[in-house]
There are 2 protein chains.
Amino acid sequence: MGDDGSGTSSGGRTAATRRRGAELEAELLDAAWAELAEVGYARLTMEGVAARAHTGKQVLYRRWPNRAALVVAAMRDNVGSIADRVPDTGGLRGDVLAVLAAMVDRQRSIGNNTLHGLMAEAADLDTHAFTIMGDVMASVLRRAAARGEIPTAELPPRVTTVAVDLLRNELLFTREPLTDRTLTEIVDDVFLPLVRGEAHT
Amino acid sequence: MGDDGSGTSSGGRTAATRRRGAELEAELLDAAWAELAEVGYARLTMEGVAARAHTGKQVLYRRWPNRAALVVAAMRDNVGSIADRVPDTGGLRGDVLAVLAAMVDRQRSIGNNTLHGLMAEAADLDTHAFTIMGDVMASVLRRAAARGEIPTAELPPRVTTVAVDLLRNELLFTREPLTDRTLTEIVDDVFLPLVRGEAHT
DNA sequence: GCCTTTAGAGACGCAACGTCTCTTGCTGTC
DNA sequence: GACAGCAAGAGACGTTGCGTCTCTAAAGGC
């Protein structure tokens, strides 16, 4: 079949250049992320991502075994971990609210259909992401104890993670967008009474 | 194809008889439930359910618009609601543990891959099922207050539902089967301190 | 400057979806 | 007791997306 080799990209990009290695991979992940934002996880297809990245499916499959893995990689690449900047507002209440707000933010940028889809497909996905939030809370609590704001940071693990657990529940099962009210309720009605050793009056 | 009409159930059923109405529907739901147990939600197909029920796909689509709706109907048909028998053990701690144990049971019979799958596909699924657990807890708490076991049943809504919310979180994100330990931690470390107005010591 | 790797493109077979069509048994009505 | 109409049972059909495979030619290593 006679290819008109010299023709520079009928469609709009220089076909003469060919990406490789890290550069290519970054563009693949960007394409996946863009596709995710545009059509959502349920309707994201390998074909769609490949087309958007102006490449073939094989290039994707060479790197990730399936849709779920690709999307997880795209998320990791585009969304920073909360553990990287543990908030420090100077007070326990502010710190915890900041942690929760960061979770809300991160989840808003991912979209909860995506999370549901991933949990269904990539079963073994991400226990890691959950334990991390426990570490963040532990660190926030240690600082509060050091300031003398609470009697001790040695709390039952359930108590340590109660705020993030409740928020996660809310994020995944509530359809309407979260209000700040929800965050303050979690902190003021449940979390703080428990860690201060004074339940609600 | 000559059917040997008189043969009662060569392969196991009389092809000469044709089911209708409620009888048929019940068998369709049973088939869906059996299929769910056997291959799991991810690999449950309309074709598979139809074949198991010895019928055609159209019979299914006439009743339910898609997989998710069919499975939800099958679940409703096969799994009783916890609200039907609110436990009454004579004490608050026992009641709450019984509610949680019932949730664990129900969820074990459904399987959490199924839940993940449904949440991904039937987005608007089941806000109802969640509010119901809140009602159950409210009723348990009212009885405890009437017995004088706790100062008041007028608690912030977050506190009322904290135990079921935490358990739901655990059920959906933990891969290994839950231990009783988890249940008692939720109740003793979080729930009871909050409702008794005495946080952990 | 040859040789290996792999990007880019798309064909292929498979599985399941959801729709449509067809025949034929069941049921309510006159 | 005949007849009309509804829907069961069965499967063909077009479509979509998966994951694999094949092929050519561009990059880069040595």
Side-chain angles (χ1 to χ4, degrees), chain A residues 1-32 35-36 39-71 117 120-122, chain B residues 1-6 9-32 35-36 39-71 117 120-122:
Chain A
M1 46 174 79
D3 65 293
D4 62 332
S6 66
T8 57
S9 82
S10 61
R13 87 180 271 104
T14 343
T17 203
R18 196 175 267 189
R19 302 157 292 175
R20 298 195 129 233
E23 180 205 353
L24 174 58
E25 188 151 329
E27 289 187 37
L28 297 176
L29 291 173
D30 284 352
E35 199 74 1
L36 196 57
V39 307
Y41 183 74
R43 287 193 295 173
L44 175 144
T45 69
M46 294 302 251
E47 257 124 355
V49 174
R52 183 185 284 266
H54 304 283
T55 186
K57 286 192 285 182
Q58 191 64 41
V59 172
L60 297 176
Y61 281 108
R62 215 184 319 267
R63 291 172 172 72
W64 302 279
N66 51 50
R67 228 163 51 123
L70 167 59
V71 170
E121 270 176 48
Chain B
M1 48 169 77
D3 67 290
D4 61 332
S6 67
S9 80
S10 64
R13 74 179 295 106
T14 341
T17 201
R18 196 175 267 189
R19 302 157 292 176
R20 300 194 127 233
E23 180 204 354
L24 173 59
E25 188 150 329
E27 289 187 39
L28 297 177
L29 292 173
D30 284 352
E35 199 74 1
L36 196 58
V39 306
Y41 183 74
R43 287 193 296 174
L44 176 143
T45 70
M46 293 304 251
E47 257 124 355
V49 174
R52 183 185 283 266
H54 304 282
T55 184
K57 286 191 285 182
Q58 191 62 223
V59 173
L60 297 175
Y61 281 108
R62 217 186 314 272
R63 291 172 171 74
W64 303 280
N66 52 50
R67 229 163 51 124
L70 167 59
V71 170
E121 272 175 46

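Naming convention: chains lettered A, B, ... in sequence-line order (proteins, then strands); numbering from 1 in each chain. Side chains are part of it too, since the values below use all heavy atoms of this structure and drop only hydrogens, waters and symmetry mates.
The CD-C1' distance, from B/Glu25 to D/dG9, rounds to 17 Å in whole Å. For the pair A/Tyr41 OH and D/dG17 C1', the interatomic distance rounds to 13 Å; values are reported in whole Å. For the pair B/Leu60 CG and D/dG11 P, the interatomic distance rounds to 15 Å; values are reported in whole Å. Rounded to whole angstrom, the span from the CD atom of B/Glu23 across to the C1' atom of C/dT27 amounts to 14 Å. Atom CG of B/Leu28 and atom C1' of D/dA8 are 10 Å apart (whole Å). The CD-P distance, from B/Glu27 to D/dA8, rounds to 13 Å in whole Å. Look at CG on A/Leu24: it is 11 Å from P on C/dA9, rounded to the nearest Å. Atom-to-atom, CE of A/Met46 to P of C/dG10 comes out at 18 Å; the value is rounded to the nearest Å.
Between the side chain of B/Lys57 and the base of D/dG11, no donor-acceptor pair of N or O atoms lies under 3.5 Å. For B/Arg62 against D/dA7, a side-chain-to-base donor-acceptor contact under 3.5 Å is absent.
The two residues A/Leu29 and A/Trp64 come nearest to each other via the heavy atoms CD2-CZ2, 3.5 Å. Across all non-hydrogen atoms, the minimal contact from B/Val71 to B/Leu36 is CG1-CD2, 4.0 Å.
Under the 4.5 Å side-chain criterion, counting only non-hydrogen atoms from C-beta, A/Thr55 is in contact with A/Arg19. At a threshold of 4.5 Å between non-hydrogen side-chain atoms, the residues A/Arg63 and A/Leu24 count as touching. Residues B/Val49 and B/Leu28 form no side-chain contact, since every pair of their non-hydrogen atoms from C-beta on lies 4.5 Å or further apart.
Considering only the side chain of A/Arg20, D/dG28 comes nearest among C/dT24, D/dG28, C/dG8. Picking from C/dG18, C/dA7, D/dT20 the nucleotide with the shortest atom distance to the side chain of B/Tyr61 gives C/dG18. Of the candidate nucleotides D/dA10, D/dC21, C/dC26, D/dA10 has the atom lying nearest to any side-chain atom of B/Gln58. Considering only side-chain atoms of A/Glu47, the nucleotide from C/dC17, D/dC18, C/dT6 that sits closest is D/dC18.
Annotation: the span from B/Gln58 atom CD to B/Met46 atom CE amounts to 10.0 Å, rounded to 0.5 Å.
For A/Arg63, a side-chain nitrogen or oxygen approaches OP1 or OP2 of C/dA7 to under 4.0 Å. Side-chain N/O atoms of B/Arg19 include one lying less than 4.0 angstrom from OP1 or OP2 on D/dG9.
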Identify all pairs in which a protein N or O lies below 3.5 Å from an N or O of nucleotides 2-4 of chain C, and state each distance.
none

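Here the side chain of B/Arg52 pairs no donor or acceptor atom with the backbone of B/Asp30 at under 3.5 angstrom.
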